[in-house]
Amino acid sequence: MTKTLLAGVSQEKYLNSDLDVLIINNQHCHAVIALQGAQVLSFKQKKSGKDLLWLSKGNTYQPSKAIRGGIPLCFPWFGPAHMKTGPSHGFARNKVWQCTNIFVHEDSHLLQFKLRYDDQTLTLWPFKFELVMTIQCGELLRIDFELVNLDAHPFLFTFAWHSYFKTQISTTAIHGLQELEYIDQLKDQTQKQEQNILQVDQEIDRIYPITKGKFCIQSEDISNIYISTNTQSAVVWNPWIEKSKTLLDIVTDDWKNFICLENGQVGKAGQVLNPQEKIKYYINIGG
Ligand code: TA6
């Protein structure tokens with residue numbers, strides 16, 4: 001059952017699952033955003049007719065289960081939980097966010113989503129916070145992240161937009177990482193330096209703590225995807241053959257069709273936020 005919220009925005013259950021999604025359709029794009037995680041699942045530009053994002057065919061869309069693909073938000077930590085109790089990459093992508101505002105701006109739609117601490121988050125991460133993400137669906141996809149510390153104590157957080165870009169991995173080249181230091185997650189966190197434009201021919205899992213915030217993903221089967229952001233870190237990931245066999249939500253060989261370029265504040269680029277302090281980040285994605 002589809003419910004129209006305003007011109008160009010409707011709400012429905014995704015693929016007849018229990019997952020509530022908002023469908024945005026305007027002259028520039030067709031997008032799908034899940035209320036769970038305020039997660040963009042699809043962003044199809046009308047000028048190219050291509051979806052910039054990859055979404056796994058192996059998702060089952062069970063409530064609170066992380067959705068593989070699109071742009072999951074890793075918050076308030078990136079990677080494994082510190083005390084090994086919480087979920088990998090934090091809880092933000094598993095929680096249902098509140099859509100607090102939808103408005104039209106210069107032929108685009110802006111949708112605001114809010115996540116605020118609750119009893120469950122406090123058991124996983126003992127700090128009070130409010131996080132608002134504003135998602136602009138137009139010629140570009142722009143996401144703004146605004147976090148405020150509502151606690152009486154400072155907290156340290158890391159975060160990333162764990163973006164899955166649709167691409168042909170065998171012909172993919174990532175520009176914007178040249179000469180940057182990175183940590184190889186597959187080789188005991190060894191520090192190395194990127195030499196050239198990055199091409200992928202095996203499993204890759206690299207954290208670039210400090211980047212220049214501008215990237216281009218090239219591949220034979222897509223038009224270039226450009227990313228610009230004021231976040232410092234980038235993570236590059238593809239599970240390749242063997243690792244993807246351990247991931248039940250990646251169907252056979254579908255690992256060939258995406259690259260993760262994840263932008264945020266990760267590792268030593270984690271940030272401390274003092275009580276009542278606010279911090280803002282953005283990312284622009286376009287073809
Ligand atoms: O992309 C970096 C990474 O931390 C990889 O190590 C891998 O675990 C990936 O995220 C996927 O994590 P997920 O919890 O979404 O399966």
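Just follow the structure's listing: the first ligand is 1, and inside any ligand the first atom is 1. Model, not experiment: these values are computed from the prediction.
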Item to check | Identity and separation of the nearest protein heavy atom to atom 3 (C) of ligand 1 | outcome: H89 NE2, 3.7 Å

Checklist entry - Is the charged tip of R116 near the ring of F129: under 6.0 Å from the six-membered ring centre and within 45° of its axis? => result no

Next on the checklist: Can you confirm whether some protein heavy atom lies under 4.0 Å from atom 8 (O) of ligand 1, or whether none does?
Outcome noted: no

Item to check | Residue and atom name of the nearest protein heavy atom (relative to atom 1 (O) of ligand 1), distance in Å to one decimal | outcome: E262 OE2, 2.6 Å

Checklist entry - Angle class for the Y14/Y61 ring planes (parallel below 30°, perpendicular above 60°, tilted otherwise)? => result perpendicular

Checklist outcome for this item: Within the 4.0 Å heavy-atom cut-off, what R93 brings close to ligand 1 is side chain

Checklist entry - Is the shortest distance from a heavy atom of Q185 to ligand 1 less than 4.0 Å? => result no

Next on the checklist: Do I250 and F258 have side chains that approach each other closer than 4.5 Å (heavy atoms only, starting at C-beta)?
Outcome noted: yes

Checklist entry - Which heavy atom of the protein is the closest neighbour of atom 16 (O) of ligand 1, given with residue, atom name and distance? => result R68 NH2, 2.9 Å

Checklist entry - Do any N/O atoms on S88 end up under 3.5 angstrom from N/O atoms on ligand 1? => result yes

Item to check | H162/Y164 aromatic ring centres below 6.0 Å | outcome: yes

Checklist entry - atom 6 (O) of ligand 1: which protein heavy atom is closest, and how many Å away? => result D205 OD2, 2.6 Å

Checklist entry - Heavy atoms, side chains only, cut-off 4.5 Å: are L131 and F75 in contact? => result yes

Item to check | Under-4.0 Å salt bridge between D20 and K13 | outcome: yes

